[in-house]
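In what follows, a single structure is set out as C-alpha cells and then discussed.
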Amino acid sequence: MLTGHWEHFSHEADMGVRGAGASLDQAFEQVALGLTAVVTDPALVTPEKMIRLTCEAPDVELLLVDWLNALIYEMATRKMLFSRFEVRLKGKHLSATAWGEVLDVARHHPAVEVKGATYTALKVAQQADGDWLAQCVVDV
Amino acid sequence: MDIARFERKSEFEWQIKPFGRMQVPGVIFASEALLREMDAKVAEQVTNVAMLPGIVEASFAMPDAHWGYGFPIGGVAAFDPDHGGVVSAGGVGFDISCGVRTLHTGLQLKDIESLKTRLADALYHSIPAGLGSTGAIRLDAAKMDAMLRGGARWAIEQGFGEAADLERIEEGGCMRGADPSQVSEQAKKRQHDEMGTLGSGNHYLEVQQVTEVYAADIAAAYGLKPGDVVVSIHCGSRGLGHQIGTEFLRQMVIAAPGYGIELPDRELACAPIHSPLGQNYLGAMRAGINCALANRQILTYLTRQVFSRLLPQSRLPLLYDVSHNTCKLETHTVDGQPKKLFVHRKGATRAFGPGHPDLPAALREAGQPVLIGGSMGTASYILAGTRASMQRAFGSACHGSGRAMSRHQALRNWNGRHVVDELARRGTLIRSPSSRGVAEEAPGAYKDVSEVVNSAEHAGLARKVARLEPIICIKG
C-alpha cells in the first residue's frame, strides 16, 4: 500500500493543513496528522490512549471540517494530542479511532492552540494520479 | 497586489466599483505601500462580502487587513435588518470578542527598573498562558450561565475587580441580549477550566511604557504622559467562543440555500437577522462577548494581585477595553438618516468619535480610546475615535499590525530562543511556554505597525494619541 503524507500550506494569518493518500480514508488520516503538527511534532506524541469518534455531514468537504473540529474539541477538552488515526468513510458518515496522549508542555513544546477548522481553501478531491487530497485552513 | 483594479478616492482610500453580484463598492483604507503589500486575497474577500444580502454603503477593509477566512481580517460591514440584512458567524470569526484592554499603573519606568525580572517572572507564574494552561475558576451550570449573561459585570460581582472598571468597557462590561441557552453544552465544556486564561497565538499580556504622546489634550483626558507604565492584555472568549463559531458556521453553511442566500465563499456563512437561526446566533455570540469580557476582567484581577504584591504603591485602574471580533447593533447615519445596523467588525476596533452617547462621561469629549496591539517586540499605539471616523467605516479603525507572513514562513526564518535573546538585549523580557510559538510570532512576521496607524490616521479612521513600547511580554 502506498503511504500517505501530510503537509502545511501557507495562509497569511493562520495555517493550512493538507493530507494525501491512496484512499479518501488515508487522506483524512494524514490531514489529522497535519493538524497535530500545527501544535507539535507528531513524532513526540505517544499513541498510548485511544478514543473513538463519529461524524456525519451533508457532503464530504463538510465532513472533513467536522472531522477536524471533532479532533480539535477532543484535544481541547481532554488536553490531549493525537499521533495515530484510523478513519473509515462510508458515504456521509465517518467513524474513526485516534490514539494519543495527554499534553505534556515540557515535552511537546506546543506552538499554538487551534481554535477551529475553517471552510477556507477547503478541498476534498481525487488527483490526476489517483491519489486523494483533503485540505483546509485552520484558525490558530 | 496589483493596485490597477482600484479607483483611488483619496491618498488613503481605494475603491473597487461594484461588479457582478456586488451590491455595494469595496473600500480599502491604506497607504499605497500597504496596499501593494496586501495579499490579493484581501480584495477578493472584500468583494465577496460586498455580495452579501442587506449590506449597507460598502464592504470595508482597514489598513492592517490581511487574508482571513470569509471576511478579511480587518474587515468591517454593516447590514440593514429591514432590507434582508444578514448576520454572519464567519464575519465575527472563531475568537468572539477577542480584544485588548489597557490598565494604568500609576508608575514610571524608574519605579519598576530594578524589579523588572521579578515582575516578569511573577506575571508569568500568575497568568495562565499557552496551550493546555488552565485557570483556577470552575463554574457549575448555573454560574456558567450567569457569567454568559453578565460578562465583566458578573466577574466584578464575584470580586474580580471594581465597579469603576465597568464604564471603561464597551457595553458597560455586559453585552445585552446574551442567551446562554443558545450556547451548546460542548461550548460550555470547552470553557470548563479556561476562565482567566490568556490562550496562545498572538495573545499576550504586556507591561509597556508610554514613549511618545502625539495629541496632548486627548492623552491628558486618557491619563497618559511620557514615561508612564501601563499594562495591556490581548485575549478573547477562549474555547467557548471558538466552539460557538464552529457550530454556527456549520449550521449557517447548511441553512443558507434554504434562505435563498448564495454564498460566494462558504466561510461567509450567514443567516437573515430576522430568522430563528440569525437570532439564535446573536444570542450565543453575545454570550461569547460576555465570556471574553469576564475573561479579561479575571486576568486584570490576577495582574493587579501581582502588582500589589511587588509594587504596593501601584494602582491599576482601567483605561479602556475594546473588542475586535463582534457583530453589534448600532445606530449610524446613512444618507442623512439615522439607521439601526448590525455592524460586523472582524479584526477591527470600534472607534466612536467625541460626543458619542455610548462613551463614559470622562472620555466623551476626547473620543473612544482605540487600543492597537503591535507584535511582540514592537510598539503598540493608542488612538482616538474622531467625528470623521463615524462617517468613514461606521466608527471603526484598525486593530493591530497584521501579519505580513504566514506562521509557516516565520518558522523557517526565526528560532524562538534567538528571538527571546535578541529582544532581551533590546530591553524587552519575553516569557512564554513555547519557543516555537515565539518564532511564529517573531516581530518580523508582522507588518510595520507605525505604517498601519499612520494610514489609519491619514484615512481619518482615528487619531494618534500615544505610542507604547514593550518592557515585559507574557506570550501564550
Side-chain angles (χ1 to χ4, degrees), chain A residues 7-18 34 37-41 44 55-59 61-63 65-66 68-81 102-123 136-140, chain B residues 38-39 41-42 66-70 73 90 93-95 130-134 186 189-190 192-194 199-203 236 238-239 241-243 245-247 249-250 253-254 263 265-269 347 402-409 411 416 433-441 476:
Chain A
E7 62 186 2
H8 290 154
F9 61 95
S10 286
H11 177 275
E12 227 179 351
D14 296 302
M15 193 92 107
V17 292
R18 178 181 292 145
V38 172
V39 183
T40 191
D41 178 355
L44 297 173
C55 313
E56 210 168 272
D59 67 54
E61 290 191 338
L62 295 185
L63 196 54
V65 175
D66 283 1
L68 295 176
N69 277 327
L71 285 169
I72 289 165
Y73 180 77
E74 297 299 335
M75 286 158 75
T77 53
R78 294 175 190 265
K79 306 268 182 279
M80 278 183 74
L81 294 168
V102 171
L103 170 73
D104 178 341
V105 173
R107 192 155 46 82
H108 295 129
H109 306 290
V112 73
E113 167 187 37
V114 184
K115 295 171 184 167
T118 79
Y119 301 87
T120 297
L122 171 60
K123 192 173 164 189
C136 74
V137 167
V138 295
D139 186 19
V140 295
Chain B
M38 276 182 202
D39 195 298
K41 291 274 185 190
V42 175
H66 49 280
W67 180 24
Y69 33 96
I73 314 286
F94 288 90
D95 201 355
L131 181 60
S133 61
T134 55
Q186 284 82 355
K189 190 175 170 194
R190 221 167 140 175
H192 167 69
D193 54 10
E194 292 196 352
S200 65
N202 61 1
H203 293 170
R238 310 295 300 111
H242 310 164
Q243 192 67 21
T246 297
E247 292 170 5
L249 257 171
R250 183 182 197 276
V253 163
I254 294 169
L263 295 174
D265 170 352
R266 276 194 285 195
E267 196 65 33
L268 286 173
R403 285 195 82 90
M405 71 173 71
S406 67
R407 294 176 173 278
H408 200 110
Q409 185 65 41
L411 210 49
S434 172
S435 171
R436 179 176 149 189
V438 167
E440 291 183 7
E441 291 288 326

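Every chain is numbered from 1, with letters handed out A, B, ... down the list of sequences.
- Both the backbone and the side chain of L249(B) come within less than 4.5 Å of a heavy atom in chain A.
- One N or O on the side chain of S200(B) and one on the backbone of E113(A) form a donor-acceptor pair closer than 3.5 Å.
- Of the listed residues M405(B), E440(B), Q186(B), the one with more heavy-atom pairs under 4.5 angstrom with chain A than any other is Q186(B).
- Between chain A and the residues Q243(B), Q409(B), H192(B), the most heavy-atom pairs under 4.5 angstrom are made by Q243(B).
- Of the two parts of A57(A), the backbone and the side chain both hold a non-hydrogen atom closer than 4.5 Å to a non-hydrogen atom of chain B.
- Annotation: maximal heavy-atom pairing with chain A below 4.5 Å, among L131(B), D39(B), D265(B), occurs at L131(B).
- Taking all atoms of both residues into account, the shortest heavy-atom contact from R407(B) to N202(B) is NH2-N, 4.2 Å.
- L411(B) contributes atom CG, which lies 10.0 Å from atom NE2 of H8(A) (distance to the nearest 0.5 angstrom).
- The candidate with the highest count of non-hydrogen atom pairs below 4.5 Å against chain B, out of V38(A), L122(A), V102(A), is V38(A).
- Among A106(A), P58(A), A111(A), the residue making the largest number of heavy-atom pairs under 4.5 Å with chain B is A111(A).
- Here the straight-line distance linking atom CG of L63(A) with atom CD of E56(A) works out to 8.5 Å at 0.5 Å rounding.
- Heavy atoms closer than 4.5 Å to chain A are found nowhere in A439(B), neither backbone nor side chain.
- With contacts defined as side-chain heavy-atom distances shorter than 4.5 Å, the pair R250(B)/V65(A) does not qualify.
- V253(B) touches chain A through its side chain: at least one heavy atom from C-beta onward sits under 4.5 Å away, while N, CA, C and O do not.
- Both the backbone and the side chain of V39(A) come within less than 4.5 Å of a heavy atom of chain B.
- Proximity to chain B (any heavy atom under 4.5 Å) is restricted, for V105(A), to the side chain, taken from C-beta onward.
- Highest contact tally toward chain B, considering only D59(A), L103(A), T77(A), T118(A), is held by T118(A) [criterion: heavy-atom pairs under 4.5 Å].
- In summary, the side chains of Y69(B) and D14(A) do not present any donor paired with an acceptor at a separation below 3.5 Å, with no hydrogens or angles considered.
- Listed options H11(A), K79(A), M75(A) were ranked by heavy-atom pairs under 4.5 angstrom with chain B; first place goes to H11(A).
- Using a cutoff of 4.0 Å between basic side-chain nitrogens and carboxylate oxygens, K189(B) and E194(B) are not scored as salt-bridged.
- Atom NE2 of H408(B) sits about 7.0 Å away from atom CE of M15(A), to the nearest 0.5 Å.
- With a 4.5 angstrom heavy-atom cutoff, H66(B) touches chain A via backbone and side-chain atoms both.
- The choice from V140(A), V112(A), D139(A) that makes the most heavy-atom pairs within less than 4.5 Å of chain B is D139(A).
- The candidate from T134(B), I73(B), D193(B) with the greatest count of non-hydrogen atom pairs under 4.5 Å with chain A is D193(B).
- If you measure heavy-atom distances from S10(A) to chain B, the contacts under 4.5 Å come from both the backbone and the side chain.
- Heavy atoms closer than 4.5 Å to chain B are found in both the backbone and the side chain of K115(A).
- Under a 3.5 Å cut-off, the side chain of N69(A) and the backbone N or O of G116(A) do not form any donor-acceptor pair.
- Minimum interatomic distance between R190(B) and I72(A) (heavy atoms only, all atoms of both residues): NH2-CG2, 3.6 Å.
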Inset, instruction - Please assess W67(B) against T120(A) for the test side-chain contact (heavy atoms from CB on, under 4.5 Å), listing each intermediate value before the final yes or no. - result: CA-CA 10 Å; W67(B) 180 24; T120(A) 297; 4.2 Å; yes
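- The most heavy-atom pairs under 4.5 Å with chain A, out of H203(B), E247(B), R266(B), come from R266(B).
- For the pair L68(A) and C136(A), the tightest heavy-atom approach, listed with the atom from each and the gap, is CD1-SG, 3.6 Å.
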